[in-house]
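Shown next, in structure tokens, is the structure this report addresses.
Proteins come first, then strands; the chains are lettered A, B, ... in the order of their sequence lines, and each starts at number 1.
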There are 2 protein chains.
Amino acid sequence: MGESSRRASRSLPARIAEEVETRISSGQWPPGSRLPSEPALAEEFDVSRATVRSALRSLAAAGVVRTRHGNGTFVSEHGGAIRASLQSLRSTSGLIRAQGHEFEIVYGTRRLRAATEAEASHLRRSSLPAVLEYERAFVGGTSALAYESGVLAADLLPAGTDPGALTGSIFEFLEPLGALPDQSVTHVRSTYDPGLAWGRGAPEVPLYLTLEQVQFLPDGTAVSWSTTHFVQDHFDFTLIRSA
Amino acid sequence: MGESSRRASRSLPARIAEEVETRISSGQWPPGSRLPSEPALAEEFDVSRATVRSALRSLAAAGVVRTRHGNGTFVSEHGGAIRASLQSLRSTSGLIRAQGHEFEIVYGTRRLRAATEAEASHLRRSSLPAVLEYERAFVGGTSALAYESGVLAADLLPAGTDPGALTGSIFEFLEPLGALPDQSVTHVRSTYDPGLAWGRGAPEVPLYLTLEQVQFLPDGTAVSWSTTHFVQDHFDFTLIRSA
DNA sequence: AAGTGGTCTAGACCACTGA
DNA sequence: CAGTGGTCTAGACCACTTT
């Protein structure tokens with residue numbers, strides 16, 4: 001039961017999923033083992049079975065557990081490589097960090113300029129006066145990890161924004177503006193281009209996994225259009241599919 | 001088994017999602033428009049609101065619709081490119097067909113042989129006597145679309161299976177054996193290899209998007225380990241992310 | 001204030017698995 | 001057979017957006 005009003009910023013299923021995941025990664029519930037039944041979990045966490053099922057559903061979609069009808073819910077044998085799943089793609093910085101890389105962001109171009117028609121179209125604007133164009137490299141140690149170029153819709157930025165204020169992650173740049181994307185559409189392809197690298201640490205083989213991404217605000221406005229080239233062999237991107 | 005109605009095998013939410021999608025693609029509910037409210041849909045389809053929400057949740061995950069708290073549910077502006085989403089990845093044949101290609105499957109190698117240690121490991125077997133190894137190309141018109149090589153765990157095949165019986169899609173090969181996978185783990189990378197193509201229609205530029213995939217049965221058994229190289233520029237793979 | 005989607009509950013019944 | 005997950009309902013209340 002709800003008891004009194006406890007401020008719960010995150011949802012009940014999310015918190016239960018986290019607790020289950022903690023027990024799994026702590027080794028309390030090792031890979032291959034069977035979880036307590038749904039009614040048992042519901043009783044332990046003092047929630048309804050529907051809430052437990054919602055938590056387990058998200059864990060199954062993430063590949064952490066596996067349910068078998070009439071049999072039980074089991075910890076996946078391959079929970080390790082799941083962290084950097086493409087499905088959980090948010091920011092480029094987050095994606096690279098999830099792969100276990102230490103890195104530094106080096107910016108090239110940063111400037112406000114008029115938008116092209118292609119940019120207005122990708123950003124779903126009938127008319128768009130300006131964009132903030134940027135170019136940056138993610139460098140880990142002495143070798144480049146990824147190159148990214150993109151544009152931010154300038155109509156979402158306060159008038160007189162200094163492009164030079166874009167120094168770290170774009171996430172951190174947008175957050176104080178209340179312009180955090182919550183949805184994205186990504187196209188995946190491969191790229192082989194010796195002319196793409198710049199700055200220090202260019203890869204020996206110019207082979208990349210390329211993600212082209214448009215990000216959207218909760219109200220459906222497009223925020224950014226970016227293309228990120230991930231240097232091959234530095235990343236292992238995973239996709240999980242459950243029927 | 002066989003009772004009165006074995007017909008309604010698909011779930012209520014799945015059928016409602018399909019009906020909603022039909023109305024969207026028919027133009028009855030055009031991109032950007034607002035759907036009827038959840039209570040209204042629940043009444044029309046004569047189901048509970050929870051069932052409607054389940055249907056809308058799957059459509060939102062697929063990028064077909066977009067929900068806005070306190071405002072409504074809207075048809076996405078980018079519903080077109082969603083069909084061949086990587087999230088709905090099932091069979092290679094299905095994935096290529098979803099991209100709108102006509103193709104023919106040309107088999108190279110097909111044989112039963114002892115499994116290597118790496119294969120047993122990828123197929124999660126402590127011991128595995130044999131695998132069915134295959135190699136095939138997907139050819140559309142005069143140009144190759146994709147190359148795939150892989151192994152099927154032979155312990156799932158009837159004794160004395162003829163490897164030559166593998167002619168079309170692997171899906172169709174496995175289905176009568178009751179060995180249809182319902183989960184997969186996929187690794188995504190890019191490949192540049194002039195020596196990879198074979199047969200007719202080899203691409204001019206040997207650049208591929210590569211999906212390495214392990215597929216699992218509902219009971220958790222691994223069925224196959226395969227690597228598919230999709231010729232760049234013939235495919236547009238999409239990923240949708242919703243917070 | 002009214003209407004929307006978001007969350008959660010309690011319970012019913014079905015379908016499958018394994019002993 | 002008992003126990004498991006799978007499906008669905010009816011309803012309550014919350015949080016958000018628009019009028």
Handout entry: B:S37 vs C:dG3: side-chain N/O to OP1/OP2 distance below 4.0 Å
Key = no
Exercise for the section: Would you indicate, yes or no, if D:dT18 has its OP1 or OP2 atom less than 4.0 angstrom from a side-chain nitrogen or oxygen of B:N71? Expected result: yes
Problem - Ring centre gap for A:F237 and A:F230 strictly below 6.0 Å - result: yes
Practice task
Identify whether NZ of Lys or CZ of Arg in B:R68 sits under 6.0 Å from the centre of the six-membered ring of B:F74 and within 45° of that ring's axis.
Solution key: yes
Exercise for the section: Please name all residues satisfying side chain to side chain donor-acceptor pair (under 3.5 Å) with A:S48, sequence neighbours left out, ordered by chain then number. Expected result: A:T51
Practice task
Mind checking ring-ring contact (aromatic ring centres under 6.0 Å, His included) for B:W29 and listing every partner two or more places apart, or none if nothing turns up?
Solution key: none
Exercise for the section: Verify the ring-centre separation between B:F138 and B:H101: is it less than 6.0 angstrom? Expected result: no
Practice task
Rounded to the nearest angstrom, tell me the gap between atom CG in A:L59 and atom C1' in D:dG5.
Solution key: 15 Å
Practice task
Provide, to the nearest angstrom, the distance between the CG atom belonging to A:L217 and the P atom belonging to D:dT17.
Solution key: 13 Å
Practice task
Please say whether more than 12 non-hydrogen atoms of neighbouring residues, nucleotides or ligands are located less than 6.0 Å from CG in B:D46.
Solution key: no
Problem - Summary of protein contacts for nucleotides 8-13 of chain D, nucleotide by nucleotide, where a base hit scores B, a sugar-phosphate-only hit scores S (4.0 Å, heavy atoms) - result: SB--B-
Practice task
Give the rounded distance in Å between these two atoms: CD of B:E38 and C1' of D:dC16.
Solution key: 13 Å
Exercise for the section: Mind calculating the distance between NE2 (A:H69) and P (D:dG5) to the nearest angstrom? Expected result: 10 Å
Exercise for the section: Measure from CD1 on A:I16 to C1' on C:dT7 and round the result to the nearest Å. Expected result: 12 Å
Exercise for the section: Determine: side-chain N/O of A:R68 to OP1/OP2 of D:dT4, distance under 4.0 Å, yes or no. Expected result: no
Exercise for the section: Step through the shown structure and confirm whether more than 12 heavy atoms of other residues, nucleotides or ligands are within 6.0 Å of CD on B:E43. Expected result: no
Completion exercise
Whole-Å distance, B:F74 CZ to C:dG3 C1', equals 13 Å
Handout entry: Nearest-Å distance for atom pair CZ/C1', residues A:R57 and D:dG5
Key = 12 Å
Exercise for the section: Could you tell me whether A:T73 contacts a base, only the sugar-phosphate backbone, or nothing, with contacts defined as non-hydrogen atoms closer than 4.0 Å? Expected result: sugar-phosphate
Exercise for the section: Give the rounded distance in Å between these two atoms: CG of A:L35 and C1' of D:dG3. Expected result: 16 Å
